[in-house]
Amino acid sequence: MRVSRALIPTLREDPGEAETVSHRLMLRAGLIRKVAAGIYTYLPLGLRIIRNIEAIVREEMNRAGAQEILMPIASPAELWKETGRWDFYGKELLRFKDRHERDFCLGPTHEEVVTDLFRREVRSYRQLPVNFYQIQTKFRDEIRPRFGLMRGREFIMKDAYSFDRDEAGARLSYQKMYDAYTRIFTRCGLTFRAVEADTGLIGGTSSHEFMVLADTGEETIVYTEGGTYAANVERAELLPEPEAPPEPQQPLQAVPTPQASTVEQVTALLKISPRQLVKTLLYSAGQETVAVLVRGDHEVNPIKLARLLGVVETTMAAPDIVTSVTGAPVGFAGPIGLRNIRILADYAVKNVRNMVVGANKAETHYLNANWDRDFTVTEFADLRNAQAGDPSPRGDGPLRVVKGIEVGHVFMLGTKYSQAMNARYLDQQGQEQLAVMGCYGIGIGRTAASAVEQNHDSKGIIWPLPIAPFHVLLLPLSPSEAVTKKAEELYQQLTEAGVEVLWDDRDERAGVKFNDADLIGVPFQLLIGDKNLAQGLVEWKERKTGQVQKLTPEQVLALASGLAAQ
RNA sequence: CGGGGCGUAGCGCAGACUGGUAGCGCACUGCGUUCGGGACGCAGGGGUCGGAGGUUCAAAUCCUCUCGCCCCGACCA
């Protein structure tokens with residue numbers, strides 16, 4: 001491709017709208033342009049990267065035995081009503097009506113549509129297992145789209161759905177996808193980790209997320225040094241702490257804490273450690289309000305709470321509920337004297353003696369409260385987020401914390417959707433059985449953005465070769481006839497040899513070309529200048545290291561052809 | 001949805017407080033010179049100042065409403 005004929009609108013300056021590295025660089029390198037919040041056009045270079053990732057995904061999915069199909073973006077409400085997700089999915093599901101006033105939505109995921117296909121077309125155990133996948137545009141009306149392709153509303157996703165005869169089969173299908181994902185992200189040149197995860201809106205019995213490690217990641221993951229345990233912090237399990245030796249119980253005492261309602265303020269005022277304070281948080285779970293006790297230096301995990309209570313979702317209680325339950329303004333809730341409400345406490349609270357708690361009275365806290373003397377805990381449970389230093393549930397050392405970007409997610413669905421939609425097959429005995437499902441997603445655009453997060457320097461992007469928009473960027477450095485002629489010749493020879501070459505044939509000065517080349521991040525630059533050419537040499541420069549080799553055109557041809565063949 | 005910020009030429013911004021008919025850099029067009037890390041000269045083109053309404057002799061500027069975009073938050077009582 002010739003730069004002079006292509007739309008590659010690089011920007012000299014950082015666009016004002018972008019903060020994150022990948023967002024900024026993808027705009028500056030002329031890969032994408034925004035159409036609306038979270039909605040982007042892929043320009044020629046950006047699309048080439050997307051297509052490269054898709055090709056790797058496709059190869060590995062096919063290799064794993066999955067069959068490619070393509071489902072529609074619009075789907076009718078009826079299917080979603082069958083599984084209850086028409087109501088359950090909430091505002092993220094973009095709904096609309098057709099001209100006949102029939103309800104439709106833009107598919108955020110395709111369990112309903114694929115399960116409908118399965119129940120209509122697949123009859124026999126002999127046809128199982130099957131795995132259908134597609135690479136398609138999804139729409140999720142995100143609360144807050146951000147960071148360019150990282151969290152878009154419209155985005156390209158590979159989604160796959162497996163159907164098996166039984167749990168054991170489903171586990172095999174799941175493992176195949178897990179292995180395929182490992183190969184895919186490895187081939188894309190990413191540093192990643194598969195972690196245990198929560199199943200969220202998709203549901204199901206268990207899941208793993210594939211996390212690209214990056215400081216800008218929106219997800220927090222915990223893992224152990226030895227690598228035997230890794231989980232999303234939403235999911236990471238914490239075991240009960242060993243019981244601490246008893247301490248003498250001090251008398252309960254109410255103290256004024258004027259202007260101090262947060263943990264920070266109260267601990268500063270009373271000159272105590274946050275570990276000595278126990279927060280009392282009120283949560284709404286459906287109609288019920290519950291009190292949740294966690295140590296001052298810990299955070300409640302609302303997903304764990306919801307799971308314990310057997311509800312879909314828990315939210316912080318509204319201030320008026322807090323006031324009516326505790327009789328005090330927000331900031332002074334405590335467990336002592338709370339009536340008609342379940343009091344759930346995190347395991348760690350059990351070991352806090354003579355704790356500080358809110359007094360259910362404005363600007364007042366209690367000192368020296370003890371759970372076995374002053375109030376009743378309905379249940380101790382794992383209710384908080386793991387943090388660095390917590391013990392691993394596998395007993396293999398302290399947990400460490402890193403940030404990650406979720407690029408892939410695999411789920412064991414069980415029979416959640418087959419049951420709801422009556423997707424059955426006939427087994428060997430002629431009996432109807434529910435298909436056991438799994439589903440598996442990869443964010444294609446997010447994978448591209450993650451690659452930028454992990455591979456860049458101050459000058460721009462450094463694409464891993466397998467997903468790079470081109471293998472080689474050909475840079476004639478002067479407009480002399482000799483240079484122009486040699487560039488044209490090499491362009492043709494390389495292209496014929498199967499090397500993907502971007503030829504910067506613009507009438508620009510060398511500096512401009514160098515800067516754009518570094519920004520776009522094609523892995524290798526082929527420099528043609530008068531001085532070297534006079535000796536029959538050209539330069540081969542690696543973007544990542546800046547290393548330059550002076551080679552003959554023949555050597556370049558051999559080298560580049562070898563790379564392209566990889 | 002809550003908080004903060006921003007919409008002025010393709011991009012980055014100034015002008016607004018103190019109202020007087022729009023400017024800078026880059027990019028773009030033409031000609032010439034230049035040519036290995038973002039060249040230079042000369043001559044040009046391009047903006048209903050996000051939109052609507054209002055105040056005023058006069059509005060990018062003041063007031064009201066509205067649309068869009070970005071950032072933080074939406075768990076810590």
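Owing to the predicted nature of the structure, the values given are computational and were not obtained by experimental measurement.
Classified by interplanar angle (parallel below 30°, tilted 30° to 60°, perpendicular above 60°), the ring pair A/Trp540/A/Phe524 is parallel.
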Handout entry: Derivation and outcome, side-chain hydrogen bond (donor to acceptor under 3.5 Å, both in side chains), residues A/Gln276 and A/Ser273
Key = CA-CA 5 Å; A/Gln276 200 58 37; A/Ser273 151; over 6 Å; no
Exercise for the section: Quick one: do A/Gln250 and A/Asn370 satisfy side-chain hydrogen bond (donor to acceptor under 3.5 Å, both in side chains)? Show the steps, please. Expected result: CA-CA 9 Å; A/Gln250 308 293 327; A/Asn370 285 288; over 6 Å; no
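Mapping A/Pro479 and A/Gly296 onto RNA chain B by nearest heavy atom places A/Pro479 closer to the 5' end of the strand. For the pair A/Val35 and A/Pro302, nearest-nucleotide mapping onto RNA chain B gives the more 5' position to A/Val35.
Remark: P of B/C70 and CD of A/Glu142 are 13 Å apart, rounded to the nearest angstrom. Taking atom CD on A/Gln276 and atom P on B/C76, their separation rounds to 23 Å, with Å as the unit. Rounded to an integer number of Å, the gap from A/Glu218 CD to B/C71 C1' is 13 Å. At whole-Å resolution of the value, CZ in A/Arg146 and P in B/G4 are 19 Å apart. If you take CG of A/Asp346 and C1' of B/C76, they are 13 Å apart, rounded to a whole angstrom. Taking atom CG of residue A/Leu27 and atom C1' of nucleotide B/C70, one finds them 12 Å apart after rounding to whole Å. Separating the CZ atom of A/Phe147 from the C1' atom of B/C71 is a distance of 9 Å, rounded to the nearest angstrom. Between the CG atom of A/Asp507 and the C1' atom of B/U34 there is a distance of 10 Å, rounded to whole Å.
Base engagement by A/Glu539 is indicated by at least one non-hydrogen atom pair under 4.0 Å involving a base atom. A/Asn532 comes within contact range of at least one nucleobase, with a heavy-atom separation under 4.0 Å. As judged by a 4.0 angstrom heavy-atom cut-off over every strand, A/Lys304 is placed among residues making no nucleic acid contact. Among the heavy atoms of the strands lying under 4.0 Å from A/Asp14 are primed sugar atoms or P, OP1, OP2 only; no base atom is included. Contacts of A/Thr262 with the nucleic acid, taken as non-hydrogen atoms under 4.0 Å apart, involve only primed sugar atoms and P, OP1 or OP2. Heavy atoms of A/Gly16 sit under 4.0 angstrom from primed sugar atoms or phosphate atoms, though from no base atom. Counting non-hydrogen atoms under 4.0 angstrom, A/Ala317 reaches a base of the nucleic acid.
Here the side chain of A/Lys34 is nearest to one of B/C75, B/C70, B/G36, namely B/C70. Of the candidate nucleotides B/A77, B/C11, B/C70, B/C70 has the atom lying nearest to any side-chain atom of A/Glu17. Set against B/C71, B/C75, B/G36, the side chain of A/Phe514 has B/G36 as its closest nucleotide. Taking only side-chain atoms of A/Glu19, from C-beta outward, the nucleotide of B/C11, B/C71, B/C69 with the closest atom is B/C71. Between B/G36, B/C69, B/A77, one nucleotide has an atom nearer to the side chain of A/Ala36 than all others, and that is B/C69. Nearest to the side-chain atoms of A/Lys459 among the listed nucleotides B/G37, B/G36, B/C75 stands B/G37.
When atom types are taken as modelled, the side chain of A/Asp346 and the backbone of A/Leu383 share a donor-acceptor pair closer than 3.5 angstrom. The backbone N or O of A/Gly445 sits nowhere less than 3.5 Å from a side-chain atom of A/Thr447 that would complete a donor-acceptor pair. A/Asn360 contributes no side-chain N or O that, together with a main-chain N or O of A/Ala328, makes up a donor-acceptor pair within less than 3.5 Å. For A/Lys304 (side chain) and A/Arg384 (main-chain N/O), a donor-acceptor pair under 3.5 Å exists by modelled atom type. Within the 3.5 Å criterion, the main-chain N or O of A/Leu399 finds no donor-acceptor partner in the side chain of A/Ser392.
Evaluation of atom-type donor-acceptor distances gives no pair under 3.5 Å for the side chain of A/Lys550 against the base of B/G36.
The side-chain tip of A/Arg95 points at the ring of A/Trp86 from less than 6.0 angstrom away and within 45° of straight on. In this structure, A/Arg446 forms no cation-pi arrangement with A/Phe155, as its terminal cationic atom is not both closer than 6.0 Å to the ring centre and no more than 45° off the ring axis.
Between the P atoms of B/U61 and B/C17, the separation comes to 9 Å (whole Å). Going from the C1' atom of B/C67 to that of B/C28 covers 30 Å, rounded to whole Å. B/G41 and B/C24: their P atoms are spaced 15 Å apart (whole Å).
Of the residues in residues 469-478 of chain A, those placing a heavy atom less than 4.0 Å from an atom of RNA chain B are A/Leu477, A/Ser478, in numerical order.
Ion pairing between a basic and an acidic side chain is recognised when a charged N comes within 4.0 Å of a carboxylate O; A/Lys91 and A/Asp141 show no such pairing.
Using the Watson-Crick or G-U wobble rule with both distances under 3.5 Å, B/A39 pairs with B/U33. B/G46: no Watson-Crick or G-U partner with both key distances under 3.5 Å is found in any strand. Under the Watson-Crick and G-U wobble criteria, each requiring two contacts below 3.5 Å, nucleotide B/C75 is left unpaired. Using Watson-Crick or G-U wobble geometry with both donor-acceptor distances under 3.5 Å, B/A27 finds no partner in any strand shown.
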Problem - nucleotides 38-46 of chain B: protein proximity per nucleotide (B base, S sugar-phosphate only, - neither; heavy atom, under 4.0 Å) - result: BB-------
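Partners of A/Pro9 by side chain to side chain contact (heavy atoms under 4.5 Å, CB included), not counting sequence neighbours, listed by chain and number: A/Leu7, A/Arg33, A/Leu43.
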